[in-house]
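Below is one structure; the comments refer to it alone.
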Amino acid sequence: MIDLPDDWPLPGEGQNSQTRSGGIAARAMAARGQQRAPDFVAGLNAEQRLAVETTEGPVLVLAGAGTGKTRVLTTRIAHILSSGKAWPSQILAVTFTNKAAREMKERIGLLVGEQIEGMPWLGTFHSIGVKMLRKHAELVGLKNTFTILDTDDQIRLLKQVIQAEGLDDKRWTAKTLAGLIDGWKNKALGPDAIPEGDARSFGNGKGRELYRAYQRRLIELNATDFGDLLLHPIAIFRNHADVLAEYHRRFRYILVDEYQDTNVAQYLWLRLLAQRPDGSDVNLCCVGDDDQSIYGWRGAEVDNILRFEKDFPGATVIRLERNYRSTEHILAAASSLIANNESRLGKTLFTDIADPDAERVKVHASWDSEEEARAIGEEIEALQTKGEKLNDIAILVRASFQMREFEERFVTLGLPYRVIGGPRFYERKEIRDAMAYFRVVAQPADDLAFERIVNVPKRGIGDTSVRLIHDTARARQCPMLQAAADLVGTDEVKGKTRSSLREVVENFRRWSQALESTPHVELAESILEESGYIDMWKADKSAEAAGRLDNLKELIEAMGEYESLRAFLEHVALVMDNSDDAEIDAVSVMTLHSAKGLEFDTVFLPGMEEGLFPHQRSMDEGGRAGLEEERRLAYVGVTRARRNLHIWFASNRRIHGLWQSTIPSRFVDELPEAHVEVMEASNSYGGYGAGGFGERGGYGASRFDRMEPFGSSYGSPGWQRAQRNKNDATRENWGGRSGMGVSSRVERIGYGEPEGGRRGRHIEGELVAKSVTDTPNRFSNGDRVFHLKFGNGTVAAVDGNKLTVDFDKAGQKRVLESFLNPPG
DNA sequence: GGAAAGTTTATTTTT
DNA sequence: TAAACTTTCC
């Protein structure tokens, strides 16, 4: 990926456009025999077909959920290629995520006949930005070896900048400033362009200076942050007409996926590329869904999509409303929900597939979040028994703290699940440390990386010495590595520190030399060995150490797939994907945000309560717009389901450690009654309100207490349900798993009393424990054991039927004996 | 340099 | 409540 001089004439592509041979387009045509226009559009509906065939002029495709958006996008590209309208290298296709880019590549490959490598300009905004910036880096004062900093580096750098300004970095945190700068960059504002008010609001009015100093430091470090990957190209386009003209000449078609998620910077970047000065604009096609815009808080401007027709006069707007994913009930639920939003272009999904057996959307109430998790767990087990694939089931939550309860439940049930989202591989400490070593080798000016690892492992180069190196470097305007090398020759550092530093400097010199000659995987291994980094973890006897060493091994292995160390570093900076192993059949648990673009047969939406969903904070901070974004998020959730949708709300939920009583989300009441089935509690007693236990004494006032029920809520499913269950709470049987029933009852009663919640919880643990204690312990200290979720481990302590186990991978956990087996 | 005690703060996340 | 982060103390 490191700059090739030029990449558009592809191997096999002739100069003469009449005699194409070997290119993708040509291959596609050949594959189709003599037919001029391959029949890609055959299986498309009229609107999709229009979206594919309207290749000229600005086009906005409003593609509702499940209407074949990706299919349109990929077919459109295939169509452009096969009809000879453009070479692969003349098409710019941008996505937001690497996953989407990858998927598009694959699908175009399938359409066109072969895995294509010929779409050099298909990628994420950022990866295309990097590509452009590597080519023209010097125009903004960078070298083309520049490093891409991630959020962590960014914050560390900002901290230094704040301190250098003589500000208190407690009062003015780097994190806050990072947020501000990100916001400015999303709007494409440089230090000189930010509003005065913004500039004054931070750091005793020094906001602007800090931003400026940060940008200066980035250039000195030969580094960019994510925002710069778009802002630098924008600056280049604006200041160097010749460069922009080159891209104008190159691109004939521009396609943008998820247009509703673009921010101002991305919009400007696109517009610069799409609008030629002579008015013969590049053909722009944006695909998106205003109803699925859920990233406003991250700078996305729904307005971009709402304004499209004004921005690009004469635009063709095509609506895709025919849904191929969900049942009519689910679509009706989605439509009725989203109809409550004001700012939208307006679409209504429909399906032609009549399914008389289709189940209505099911609304369930539960007493609290724990019961919610338990009941959903049971429902999933029932589905499993019926032969449903766990892979086709998902639990989508508003906030990640909700996931824990499900996880705990699933571990107990031994139900395989996978959490999507969560901490990424490349964010782990050991990986970042290793990467820091590699970064210094690849780019010696990377002071942030250098600082990170000069004293890792500990070599006696403490804060004082690091500061000295830092200050020396700043004074001489040279990289810290250089400054360190100079200092070694002086008396400014002494003793052990001096010899350690000499070794570090010497090591980096040697590794840098080896960079061009040694295979990069081999080099990486020696770096980690010779630096003592591997030994550091080998010597560490904490639970995680073994796992960290494994991760390092994995890192080195992953490296082998890239052609050079630099290519690998770039991959890590830009493609922080989580690989999910689809081979295992497991329930997916994830946030609604990460569910966008996915679909499942059965979807559970727990936590449908005012304050959680819609989230209180969105409403407080975003007002009406905030609420509408929450509703779009709910819409995204609903439209993920193909056949079954289960909506849950609990009457009580623990928020910041305090039990709060909650009321059903207004979104529940916005569902159409005809398509909803309010579920009776068959084996549990849900219900709204603490009414069954008399007054809500003991909990303290909930902030939801003051809220009025919404609209005509009394006739609504949520409310009816609530009324019915009000008084059932103490009666019903708990038909759960053996041993648990009793405990639940105890717990439930416990909740009725002030502070009973905690006690109930505790009691449950005890009871569960007792119910299985009859069998004598099968394991004792030091035994090797296997756990379905945590893998192999060694028993560290036995306490009744609860064992403390040091798992090789997962660390120390307390688990029930019954979930342990002998290894092997 | 590290353990212990105290303090703070609790959406959503990609690149 | 509980996890992350800071400060304090040896």
Side-chain angles (χ1 to χ4, degrees), chain A residues 94-101 123-131 133 148-155 169-170 173-175 178-179 182 185-186 224-231 257-258 261-263 265-266 269 293-300 369 396-405 420-424 426-427 455-464 542 570-578 590-597 607 611-622 626 629-630 632-634 636-637 653-660 755 757-758 761-762:
Chain A
V94 268
T95 63
F96 274 84
T97 64
N98 293 295
K99 200 177 155 203
T124 63
F125 277 99
H126 296 270
S127 66
I128 290 169
V130 178
K131 189 168 178 164
L133 193 52
I148 302 158
L149 301 187
D150 65 20
T151 327
D152 203 73
D153 299 313
Q154 194 189 353
I155 285 173
D169 64 328
K170 297 275 143 56
T173 66
K175 235 181 136 179
D182 270 353
K185 289 193 172 179
N186 285 154
T224 70
D225 61 15
F226 283 117
D228 287 345
L229 298 180
L230 285 166
L231 292 197
D257 191 16
E258 307 277 17
D261 286 338
T262 48
N263 61 32
Q266 286 154 344
W269 183 88
S293 158
I294 55 174
Y295 286 109
W297 51 275
R298 215 167 69 182
S369 51
L396 310 181
V397 297
R398 172 68 249 261
S400 46
F401 77 84
Q402 292 172 266
M403 297 198 279
R404 216 181 86 175
E405 231 150 0
I420 298 178
R424 295 120 182 273
Y426 291 111
E427 279 168 11
N455 202 31
V456 179
K458 301 253 182 312
R459 337 181 140 89
I461 306 169
D463 284 355
T464 329
S542 69
E570 181 143 315
H571 164 83
V572 173
L574 289 176
V575 191
M576 283 215 174
D577 282 20
N578 266 335
M590 68 187 99
T591 63
L592 285 150
H593 282 93
S594 32
K596 193 163 81 157
L612 176 58
F613 199 9
H615 201 279
Q616 193 61 43
R617 216 161 137 180
S618 302
M619 297 188 287
D620 291 348
E621 288 166 16
E629 183 156 312
E630 292 287 300
R632 290 194 291 267
L633 195 53
V636 167
R653 191 171 293 272
R654 196 159 47 182
I655 298 164
H656 309 333
L658 283 175
W659 283 96
Q660 308 261 247
E755 291 179 353
R758 219 174 306 132
R761 220 152 238 261
H762 189 63

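What you see below is based on every heavy atom in this structure, not just the backbone, and it leaves out hydrogens, waters and symmetry mates. Labels below follow one simple rule: chain letters A, B, ... track the order of the sequence lines, proteins then strands, and each chain is numbered from 1.
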Checklist line | DNA chain B: 5'-proximal contact among A:Lys458 and A:Asp182 (nearest heavy atom) | finding: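 Whichever sits nearer the 5' end wins; that is A:Lys458.
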Note to self: Can you work out whether A:Trp297 or A:Gly460 has the more 5'-proximal nearest nucleotide on DNA chain B?
What the structure shows: A:Gly460
Write down the distance between [atom1] ([X]) and [atom2] ([N]), rounded to a whole number of angstrom.
| X | N | atom1 | atom2 | answer |
| --- | --- | --- | --- | --- |
| A:Arg653 | C:dT1 | CZ | P | 18 Å |
| A:Gln402 | C:dT1 | CD | P | 20 Å |
| A:His656 | B:dT9 | NE2 | P | 12 Å |
| A:Arg654 | B:dA10 | CZ | P | 19 Å |
| A:Arg298 | B:dT15 | CZ | P | 8 Å |
| A:Met590 | B:dT12 | CE | P | 15 Å |
| A:Asp257 | B:dT15 | CG | P | 13 Å |
| A:Asn98 | B:dT15 | CG | P | 5 Å |

OP1 or OP2 of [N] sitting under 4.0 Å from any side-chain N/O of [X]?
| X | N | result |
| --- | --- | --- |
| A:Lys170 | C:dT7 | yes |
| A:Arg398 | B:dT13 | no |
| A:Ser127 | B:dT15 | no |
| A:Thr151 | B:dT15 | no |

Check: For A:Tyr295 and B:dT13, are the ring centres under 5.5 Å apart with planes inclined under 30°?
Finding: no
Next item on the list: Provide the closest heavy-atom pair for A:Leu592 versus A:Val636 in the form atom of the first, atom of the second, distance.
Entry: O-CG1, 4.3 Å
Next item on the list: Identify whether any heavy atom of A:Glu427 sits under 4.0 Å from a base atom; if not, whether one sits that close to sugar-phosphate; answer base, sugar-phosphate or nothing.
Entry: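 It contacts nothing in the nucleic acid.
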Notebook entry, point to check: Just checking A:Phe226: base, sugar-phosphate only, or nothing, at a heavy-atom cut-off of under 4.0 Å?
Noted result: base
Next item on the list: State whether the side chain of A:Asp150 and the backbone N or O of A:Asp153 hold a donor-acceptor pair below 3.5 Å, judged by distance alone.
Entry: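 Looks like yes, one N/O pair under 3.5 Å.
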Notebook entry, point to check: Sub-3.5 Å donor-acceptor pair from the side chain of A:Arg632 to the main-chain atoms of A:Ser293, do we have one?
Noted result: yes
Item checked: P spacing across the pair B:dT13 / C:dA2, given as an integer number of angstrom ->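 The same atom, P, in both gives a distance of 22 Å.
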Next item on the list: For C:dC5 versus B:dT12, give the span between their C1' atoms, rounded off to a whole number of Å.
Entry: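 It works out to 22 Å between them.
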Check: Between A:His593 and A:Tyr295, what is the ring plane arrangement, given parallel below 30°, perpendicular above 60°, and tilted in between?
Finding: tilted
Check: At what distance, to the nearest 0.5 angstrom, does CD1 of A:Ile655 lie from CG of A:Leu612?
Finding: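 It comes to 7.0 Å.
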